[in-house]
Amino acid sequence: MNTLKTAAVACTLGAASFFSPFSDACTRVIYHGSDSTFVVGRSLDWKTPIPTNLYVYPAGMEKVGSDLPGAISWVSKYGAVYAVGYDGGITEGMNEKGLVINGLFCKGTVYENKDTRNLPPMSLSVFIAWLLDLNATTDEVVEVLQQHNFSLGGATFDGGTVSTLHWGITDASGKSAILEFDNGDVKIYDPGDIRAMTNDPQWPDMCAILAYWEKIGGKNMLPGTVSSPDRCVRANYFAHHVEEVSDPALAVSICRSVIIPSCVPYTYLIQGDPNISSTQWRSFAELKNRRYYFEIVTNPGYYYIDLNKCNLSKGAPVMKLDTSKETNLVGEANHALKESAPFTPMY
């Protein structure tokens with residue numbers, strides 16, 4: 001049921017015709033610096049603003065994966081920062097070990113089949129928390145996922161939108177994996193030296209598109225639309241053609257400059273297509289120093305939570321940065337975290 005494939009998997013370009021060029025748009029990019037410096041950047045793109053707050057959870061918390069009978073339960077080993085949409089579901093996060101997981105839309109996703117339907121339920125709203133809370137490395141996450149002892153699903157949002165997702169996983173060593181669900185089967189891919197991911201098509205077919213553009217080269221020409229493959233090609237090309245630095249702040253700036261050309265301009269419209277997604281916010285997880293940067297595109301600056309300065313010990317309170325109230329933050333933002341009740345998952 002579970003497979004581990006490399007980026008060199010054989011696939012065809014013809015699959016590119018099965019997706020809408022202006023679908024739900026998100027971009028993820030990995031910046032490889034020197035001296036074990038890695039930054040994972042992502043944009044969250046949607047047709048309307050998605051209210052997203054930052055939560056810092058300590059270790060030692062008892063949690064449950066769903067409100068359905070037989071749900072998976074666990075006690076967190078690690079503290080983490082989560083980006084929580086609508087105060088109801090985790091979009092992405094980074095734990096105190098420097099493991100980061102980001103969820104991006106992928107319309108081809110199908111979570112269940114007849115073999116998985118009766119497994120212990122796990123909600124998409126806390127799926128990322130489950131993985132971050134209990135694992136320190138990409139290899140550990142992959143081992144958990146390959147067991148596939150859960151049934152994944154969740155509530156709709158934004159007027160009935162179904163969260164069909166795939167995930168990028170990267171740890172502090174820079175090792176990455178791509179997670180997808182194909183007709184209920186877990187598929188885990190080693191991206192190799194591919195440093196970007198976006199949305200549709202699913203990973204094997206995206207690899208074929210990237211391989212095609214690799215032969216063309218990007219010095220004189222790159223695809224320029226806001227379609228998912230075009231954005232992935234641009235981000236991957238630029239991620240391979242920037243300087244490798246060890247200064248963490250500069251690394252974040254370079255990663256930011258790489259991902260911006262693959263973002264969709266705010267309020268961008270095409271006549272006759274009302275559902276184009278534009279970039280609402282961006283994040284940058286600087287893995288070496290455990291700093292999580294956040295940038296709402298309508299705010300004047302970007303800021304970060306330093307996990308090393310957070311109290312992540314058992315019994316510490318949950319802390320929240322309310323992004324609707326803190327609109328002018330720049331630089332370290334730990335002071336803007338306020339003690340809070342845990343968010344209420346939209347199971």
Side-chain angles (χ1 to χ4, degrees), residues 5-9 11 13 15-16 19 21 23-33 37-45 91-92 94 100-108 138 165-171 174-180 187-219 221-244 251-264 277 279 281-287 293 295:
K5 299 182 180 179
T6 68
V9 65
C11 40
L13 266 174
F19 60 89
S23 58
D24 314 309
C26 299
T27 304
R28 183 184 196 260
V29 66
I30 303 172
Y31 170 76
H32 288 213
T37 300
F38 298 97
V39 180
V40 179
R42 75 84 52 87
S43 68
L44 187 287
D45 303 355
T91 303
E92 64 176 31
M94 178 176 68
V100 59
I101 302 177
N102 312 86
L104 287 73
F105 263 84
C106 184
K107 287 184 179 296
T138 297
L165 305 172
H166 61 174
W167 292 265
I169 305 160
T170 304
D171 65 23
K175 185 166 187 177
S176 295
I178 308 295
L179 164 65
E180 295 187 337
K187 299 292 181 72
I188 302 169
Y189 303 96
D190 179 352
D193 199 33
I194 295 175
R195 300 182 183 180
M197 67 179 291
T198 50
N199 313 103
D200 297 275
Q202 290 174 294
W203 190 250
D205 296 319
M206 185 67 85
C207 290
I209 296 169
L210 291 167
Y212 168 79
W213 279 99
E214 181 70 23
K215 294 176 183 177
I216 293 176
K219 181 179 179 180
M221 181 173 67
L222 285 170
T225 76
V226 298
S227 73
S228 174
D230 283 12
R231 289 182 289 103
C232 195
V233 169
R234 289 199 301 276
N236 186 58
Y237 174 78
F238 287 125
H240 281 89
H241 290 84
V242 288
E243 184 179 354
E244 296 181 1
V252 171
S253 295
I254 294 173
C255 185
R256 184 170 179 258
S257 71
V258 167
I259 205 169
I260 284 176
S262 291
C263 291
V264 182
S277 297
T279 298
W281 54 259
R282 290 180 284 262
S283 69
F284 305 93
E286 195 266 288
L287 306 186
Y293 291 73
E295 174 186 23

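Closest non-hydrogen pair, Val264 versus Ser277, comes out as CG1-O, 3.2 Å. Minimum interatomic distance between Asp190 and Ser176 (heavy atoms only, all atoms of both residues): OD1-O, 4.3 Å.
A side-chain donor from one of Asp193 and His240 sits under 3.5 Å from a side-chain acceptor of the other. A donor-acceptor contact closer than 3.5 angstrom links the side chains of Thr170 and Arg28. For Arg231 and Thr27, the side-chain atoms include at least one donor-acceptor pair closer than 3.5 Å.
Between Phe284 and Ile259, some side-chain heavy-atom pair lies under the 4.5 Å cut-off. Glu244 has its side chain out of reach of Thr37: every pair of non-hydrogen atoms, C-beta onward, lies at least 4.5 Å apart. For the pair Asp171 and Leu287, the minimum side-chain heavy-atom distance is 4.5 Å or more. Between Trp281 and Thr91, the closest side-chain pair of non-hydrogen atoms falls below 4.5 Å. Within the 4.5 Å cutoff, side-chain heavy atoms of Pro201 are placed close to those of Pro229. A 4.5 Å side-chain heavy-atom check between Pro191 and Trp203 finds at least one atom pair inside the cut-off. Contact annotation: the side chain of Ser228 never approaches that of Phe105 to less than 4.5 Å [non-hydrogen atoms, C-beta and beyond]. Counting heavy atoms from C-beta on, the side chains of Val29 and Cys255 come closer than 4.5 Å.
Under the 3.5 Å distance criterion, the side-chain polar atoms of Arg195 are left unmatched by any main-chain donor or acceptor of Ala235. Between the side chain of Ser43 and the backbone N or O of Arg282, no donor-acceptor pair lies under 3.5 Å. The closest donor-acceptor contact from the side chain of Asn199 to the backbone of Cys106 lies at 3.5 Å or more, if one exists at all. Checking side-chain atoms of Arg42 against main-chain N and O of Asn102 turns up no donor-acceptor pair under 3.5 Å.
Here the CH2-CD distance, from Trp167 to Glu92, works out to 13.5 Å after rounding to the nearest 0.5 Å. We find the CE-CD1 distance between Met206 and Ile194 to be 9.5 Å, quoted to the nearest 0.5 Å. Interatomic distance, Asp45 CG to Thr279 OG1, rounded to the nearest 0.5 Å: 3.5 Å. Between Asp200 atom CG and Cys232 atom SG the span is 11.5 Å, to the nearest 0.5 Å. Atoms OH and CE, from Tyr293 and Met94 in turn, are 9.5 Å apart once rounded to the nearest 0.5 Å. How far OG of Ser262 is from CG of Asn236: 9.5 Å, rounded to the nearest 0.5 Å.
Salt bridge absent: Glu180 and Lys187 never bring a charged side-chain N and a carboxylate O closer than 4.0 Å.
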Do Leu210 and Val233 pass the side chain to side chain contact (heavy atoms under 4.5 Å, CB included) test, and can you show the C-alpha distance, the side-chain angles, and the key distance before you say yes or no?
CA-CA 6 Å; Leu210 291 167; Val233 169; 3.8 Å; yes

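Screening Arg256, His32, Glu286 against Val39 for a side-chain contact (heavy atoms from CB on, under 4.5 Å) leaves a single residue, Glu286.
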